[in-house]
Amino acid sequence: MASRSGKPLILISSCLLGLATRYDGRSKPSVVIMSELGSRVSWLPVCPEAESGLGTPRPPMRVIRQVDGSVGLVRPADGFDPAPMLLAWIERTLPVLLSRLPDAAILKARSPSCGLETVAVLDARRSGVEFPGDGLFAAALRQAAPELPIFDEDALATPEQCRQFLRQLTEG
Ligand code: SF4
């Protein structure tokens, strides 16, 4: 489903577009994605952490696998659990985002919210690291929209990868 402009509509982590939403108050723009796709698609930017009220800048947080196997979050600096705020926002906002009928999603790698199979997950004792893991938003997006093509930014690191991405979207 194309956007009103007729271009493919791409859900994207806001920081990849240069918006200063990261925990350290900076952005992490992808020059390749912006230059190769910027004028050829319509963007639907989203920052789960900033938009859920965690603030920018904010202390870094980690994904943690609980003793019961469920996945949550922890903020090592003070032990705060940001998961309830983030999950409540996801529950409210994901249906709204998906109602826009995006054609694909591009997510920031290694983020505890947006990371797709690239997140270092702490074990329940917080003593070790497991790989791979999804961020909480990425996991919810996968579950809510199993048919949606979701790309990690690292899969679109070259102009040719971006052109291939676009061909797949426009040629079906
Ligand atoms: S990775 Fe996701 S949560 Fe983190 S700043 Fe970028 S858009 Fe926001």
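Ligands are counted one by one from 1 in listed order, and the atoms in each one are counted from 1 as well.
Of all atoms in ligand 1, listed by their number and element, those nearer than 4.0 Å to a heavy atom of S13 are 7 (S). Close contacts between ligand 1 and R22 involve ligand atoms 5 (S) [criterion: under 4.0 Å to a heavy atom]. Close approach of ligand 1 to K108 is summarised as follows: ligand atoms under 4.0 Å from at least one heavy atom of the residue are 1 (S). In summary, the atoms of ligand 1 found under 4.0 Å from a heavy atom of C47, numbered by their order in the structure, are 3 (S), 5 (S), 7 (S), 8 (Fe). Remark: ligand 1 atoms within the under-4.0 Å shell around heavy atoms of S14 are 7 (S). With ligand atoms numbered from 1 in the order given, ligand 1 contributes 3 (S) to contacts under 4.0 Å with heavy atoms of E49.
The shell of residues lying under 4.0 angstrom from ligand 1, judged by heavy atoms, includes V46. Every heavy atom of R110 sits 4.0 Å or more from the atoms of ligand 1. Judged by the shortest distance from any of its heavy atoms, A50 lies outside the 4.0 Å radius around the atoms of ligand 1.
With a 4.0 Å cut-off on non-hydrogen atoms, R58 touches ligand 1 through its side chain and not its backbone.
When all heavy atoms are compared, the tightest approach of G135 to V119 is N-CG2, 3.5 Å. Contact between R75 and P59 at its shortest, heavy atoms only, is CD-CB, 3.6 Å. Looking at every heavy atom in both residues, P8 comes nearest to L169 through CB-CD1, 4.0 Å.
Under the 4.5 Å side-chain heavy-atom criterion for grouping Ile, Leu, Val, Met, Phe, Trp and Tyr, W89 is connected to L107 within one hydrophobic cluster. Note on M34 and L19: separate hydrophobic clusters, where clusters join Ile, Leu, Val, Met, Phe, Trp and Tyr whose side-chain heavy atoms are under 4.5 Å apart, directly or indirectly.
Among all protein heavy atoms, the one lying closest to atom 4 (Fe) of ligand 1 is S111 OG, 3.8 Å. The nearest heavy-atom contact from the protein to atom 2 (Fe) of ligand 1 is C114 SG, 2.4 Å.
Put simply, the side chain of L37 reaches to within 4.5 Å of the side chain of F165, judged on heavy atoms. Put simply, the side chain of L73 reaches to within 4.5 Å of the side chain of L136, judged on heavy atoms. Counting only heavy atoms from C-beta outward, the side chains of R110 and D154 approach each other to under 4.5 Å.
Between atom 6 (Fe) of ligand 1 and C15 there is an N/O/S contact shorter than 2.8 Å.
The number of heavy atoms from other shown groups lying within 6.0 Å of CZ (R26) does not exceed 12.
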